[in-house]
Number of protein chains: 2
Amino acid sequence: MTDIKESPLSRKLQVFVALSEDELGVLKRLHLRRRSFVAGRDLVHQGQSDQAVYILADGWVCSYKLQPDGTRQIVDFQIPGDFLGLRSVLLRTSDHSFEPVTDIQAAEVFADDLLEAFEKTPRLAAAILWAASRDEAMVVEHLAGVSRRAADARMAHFLLELGARLKLVGMESKKGYVCPLTQYHLADALGLRSVHVNRVLRQLRESGLLTLRDGRVTFDNYDGLVKLSGFDPAYLDQTGPLLK
Amino acid sequence: MTDIKESPLSRKLQVFVALSEDELGVLKRLHLRRRSFVAGRDLVHQGQSDQAVYILADGWVCSYKLQPDGTRQIVDFQIPGDFLGLRSVLLRTSDHSFEPVTDIQAAEVFADDLLEAFEKTPRLAAAILWAASRDEAMVVEHLAGVSRRAADARMAHFLLELGARLKLVGMESKKGYVCPLTQYHLADALGLRSVHVNRVLRQLRESGLLTLRDGRVTFDNYDGLVKLSGFDPAYLDQTGPLLK
DNA sequence: CGCGACGTTGATGTCAGTCAAGAGGGGTGG
DNA sequence: CCACCCCTCTTGACTGACATCAACGTCGCG
């Protein structure tokens, strides 16, 4: 990336805080150590011994937890601009794994460097913590969705939420976005079986609500989706203290 | 409480770190400002304007999120020794509400006092952050349970987890514990309807696994419950760095 | 060409929701 | 003291959403 202002992370943060040249400089230095990982091979991130965080620059990742019975629950997806393992620095984290959904590029940041950056630029720290707390809120919303919404509404809500997140980093066009997730990923995230994911997607397509084909989500009837799913982006939009 | 060592919070923390007299003193000072709340009336805790945290001393609380359709999802329960609103100090928190399940007693702590205590006694801070990260892990586990476990296993897992938590603060006896939750609370937490909670409880009772009657959980066959639910307390037992 | 990953579809089963009714207990007001 | 209500718990009959089982299609790749 030639200009740090165009990196997904700073695009996201700048929606909420105008960053100074100084802060952008610190952000840029955090991006120096670039690494790649291939799709499917777990990024083992064992909170303790490995004191590093990654800033995802390109590609998608999922964080999941394996169940005793062999099924897995995908807790969240990470898209460009998201942190991997941030909580394991702030808090001692729980034991979930990261799997790159696609080949990815990420910047590796050592915990000490991150904490030093936080001290030097408190506004940047606040912005990053804001993003982290938004991730928290998404996990809670995810729980509520799996617990309380029917399969079609759950799917619609999930894809709308992803769209809203991608919009922040400039990866959503007018009415849809590129989405590399397989139906298995969707199933593992939404608490469904892949066969049923398939049926739900067909039903949504035939109702003229949305189309997911060839790795691309198209919203055919955005308002209809919002209505079906009860999507309310309030929990993503937490503006407020950071604007001051 | 006459001796701070006997407070639920310090009992919990001392399972993992031996606290010095100094640290116990700091902990004691955090407990000075005592407040009571009655069952059922929400503790509005609006992260921003109200910069306080509570340490629950007596009684049970649930934290929940209201859905657009009127149903609610209980995200977690708090028992004595747990913090209310800790995350809203560490991170800017998401918007869920707290409802006391019973009449409660809690110590009010101002954010500044807490942060000062953290600076003075880093080991105490580490212990409290450990507890917070355990809460994180429980939300993830909760998501996995609602998403992947059948109703009976979900119920069993939930009640086993509560038992393990209560044990840390000395509120679990050999084979059960006092549990003030109604079947509506259980339904709102587990993603079931209260009628079905009732049926599941009957089934567990008739299988000789557990009994929930008159506000008391009795484990009639602990090993059977563990087997049914796949309960693995690993995510609660995070020992490790704090022992050093 | 064969294999594995992903997607699609149908038939059938079952777990949990819905609807409905009632019982016990505690609180409140007449 | 009784009458009434509300909250919680209980049970039964029926329904339906999602799972299960089983095939088959398609595409990319070694």
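Keep in mind the model is a prediction, meaning the values are calculated, not measured. Below, chains carry the letters A, B, ... as their sequence lines are ordered, and counting in each starts from 1.
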Interatomic distance, A:L201 CG vs C:dT9 C1' [rounded to whole Å]: 14 Å

Carboxylate-amine/guanidinium proximity below 4.0 Å for A:E99 and A:R41: no

Strand contacts (DNA chain D) in residues 145-158 of chain A, 4.0 angstrom heavy-atom criterion: A:A150, A:A151

B:E141 and A:K65 ion-paired at < 4.0 Å: yes

Short side-chain N/O contact to C:dA5 OP1/OP2 from A:Q183, under 4.0 Å: no

Side chain to side chain contact (heavy atoms under 4.5 Å, CB included) partner of A:D220, the single match among A:T211, A:L204, A:L209: A:T211

Sugar-phosphate, base or nothing in reach of A:G191, heavy atoms under 4.0 Å: sugar-phosphate

Polar side chain donor-acceptor pair, B:S147 to A:Q73, under 3.5 angstrom: yes

salt_bridge(A:R165, A:D76) N-O dist < 4.0 Å: yes

Ion pair A:D82/A:K12, N-O distance below 4.0 Å: yes

Would you list the protein and nucleotides 20-26 of chain D atom pairs, both N or O, that sit under 3.5 Å from each other?
residue: D:dT20; atom: OP2; partner: A:R193; partner atom: NH1; Å: 3.4
residue: D:dT20; atom: O4; partner: A:R199; partner atom: NH2; Å: 2.8

5′-ward residue of the pair A:R202/B:L192 relative to DNA chain C: A:R202

B:R216 versus B:S173, side-chain donor and acceptor atoms under 3.5 Å: yes

